[in-house]
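None of these values were measured; they are calculated from a predicted model. Proteins get letters first, then strands, A, B, ... in listed order; numbering begins at 1 in each.
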Amino acid sequence: MPAILLNPHRTWLILVIATAATFWVRADGLVGITAGAATLAIAAIKGRLVILDFMELRHAPNPWRSVISGWLMLVTVLLMVVYAFGPSLLAGVAKP
Amino acid sequence: MPVELTAPASAESKSVLRLPGDPDIWFLIFAELMTFGMFFVAYVGYRALEVDLFNESQLSLDRTLGVINTLFLLTSSWAVVTAIESARKNQVKAVPRYLALAIALGVGFMVIKYFEYSAKFAVGISLTTNTFFNFYFALTMIHLVHVIGGTIVLIVLWSNARDGKYHAGNTRGLETGASFWHMVDLLWIFLFPLLYLLR
């Protein structure tokens, strides 16, 4: 197999394509909250690839692999929830 | 004797679980990730209070420069990964070459940030302009400090690598610095879409 298709070189290629995809989503691909959710989802996928293939946690023992992967999952879920529901939930709160 | 039995533990030996670098760096990385994680969620929370202001302010950011910086950090991380791969294969002379590429891309990130900040200051936009720019400047400046620190670490690694210090029998220091650098990349992977793209 050509070297470019092997980890972590393949990972780099996927990350570049994912970055381009984010740009497309924002430029004219999707609108509104769907675009925001897609943007965050792409960031999460990129983050996972960096954690597993660049940081090499794919072959790391627990708890480290779970702790860092767990951080990514927690942050992604919190960002999605606050992004999607924050504006309506906080509508009555006085602006700072 | 079969090569498999004498080869050092590496990412290639899938059955062996191994944490790269000095375990202490992972405590620092975890602390940094938690801190930035709170910043990210705070940003989205404050955005929820002033969605229109955030969306309008965001339009003044240069997305193209943001994308270029994203590609710089991704490629820099890849170069560091390839430097470690070269060390594990005992291709000792390739190690400083890949590290030099990683350093150049780190410096490229700083240069672009300098132009971005200058363009904002030139039109009177600063940290105190509004809540969006509070976050924009505070978060990117804290991140930039990490880019600068990480690049200094890479320069130390490059200097050691030029002396042939990193090979299959010694990748620990290289892996420790690399793990920090990948964290800087990981943080930007979130900062870029949050600040430049999320509407």
Legend entry - L49(A) versus chain B, the contacting section by heavy-atom distance below 4.5 Å: neither
Inset, instruction - Identify the residues of residues 89-104 of chain B whose heavy atoms come closer than 4.5 Å to a heavy atom of chain A, ordered by number, or report 'none'. - result: none
Inset, instruction - Could you check if a side-chain atom of V67(B) sits within less than 4.5 angstrom of a side-chain atom of F192(B), using non-hydrogen atoms only? - result: yes
Inset, instruction - Please flag which part of V44(B) lies under 4.5 Å from any non-hydrogen atom of chain A: side chain, backbone, both or neither. - result: both
Legend entry - Engaged part of V50(A) at the chain B interface, taking heavy atoms whose separation is under 4.5 Å: side chain
Inset, instruction - Select one option (side chain, backbone, both, neither) describing which atoms of M38(B) are under 4.5 Å from chain A's heavy atoms. - result: neither
Legend entry - Side chain / backbone / both / neither for F27(B) at chain A, heavy atoms under 4.5 Å: both
Legend entry - Contact listing (chain A partner; residues 112-130 of chain B; heavy atom under 4.5 Å): none
Legend entry - Min side-chain heavy-atom separation F36(B)-F190(B) under 4.5 Å: no
Inset, instruction - State yes or no: do I42(A) and M73(A) share one hydrophobic cluster built from I, L, V, M, F, W and Y residues joined by side-chain heavy-atom distances below 4.5 Å, directly or via other members? - result: no
Inset, instruction - Let me know if I68(A) has heavy atoms under 4.5 Å from chain B in its side chain, its backbone, both or neither. - result: side chain
Legend entry - Heavy-atom check, side chain of I142(B) versus side chain of F39(B), under 4.5 Å: yes
Inset, instruction - Please flag which part of L71(B) lies under 4.5 Å from any non-hydrogen atom of chain A: side chain, backbone, both or neither. - result: side chain
Legend entry - N/O donor-acceptor pair under 3.5 Å between D163(B) side chain and K165(B) backbone: no
Inset, instruction - Just give me the residue among P20(B), G45(B), G21(B), A48(B) that pairs up with chain A most often, heavy atom to heavy atom, under 4.5 Å. - result: A48(B)
Legend entry - pair E56(A)-L19(B): side-chain heavy atoms closer than 4.5 Å: no
Legend entry - Polar side chain donor-acceptor pair, W188(B) to H143(B), under 3.5 angstrom: no
Inset, instruction - Please flag which part of L53(B) lies under 4.5 Å from any non-hydrogen atom of chain A: side chain, backbone, both or neither. - result: neither
Inset, instruction - Would you check if there is a donor-acceptor pair between the side chains of H146(B) and E32(B) at a distance under 3.5 Å? - result: yes
Inset, instruction - Apply the ring pair (Phe, Tyr, Trp, His ring centres under 6.0 Å) test between Y43(B) and each candidate in F54(B), F133(B), Y136(B); give the one that qualifies. - result: F54(B)
Legend entry - Check: R199(B) and V51(B) side chains under 4.5 Å, non-hydrogen atoms: no
Inset, instruction - For residues K46(A) and T70(B), determine if any side-chain heavy atom of one lies less than 4.5 Å from a side-chain heavy atom of the other. - result: yes
Legend entry - Pair S77(B), W181(B): side-chain N/O donor-acceptor within cut-off below 3.5 Å: no
Inset, instruction - Tell me, out of V81(A), L15(A), N62(A), L74(A), who's got the most heavy-atom pairs with chain B below 4.5 Å. - result: L15(A)
Legend entry - Sub-4.5 Å side-chain heavy-atom contact between N134(B) and Y46(B): no
Inset, instruction - Indicate yes or no: at least one non-hydrogen side-chain atom of L33(B) is less than 4.5 angstrom from one of L187(B). - result: yes
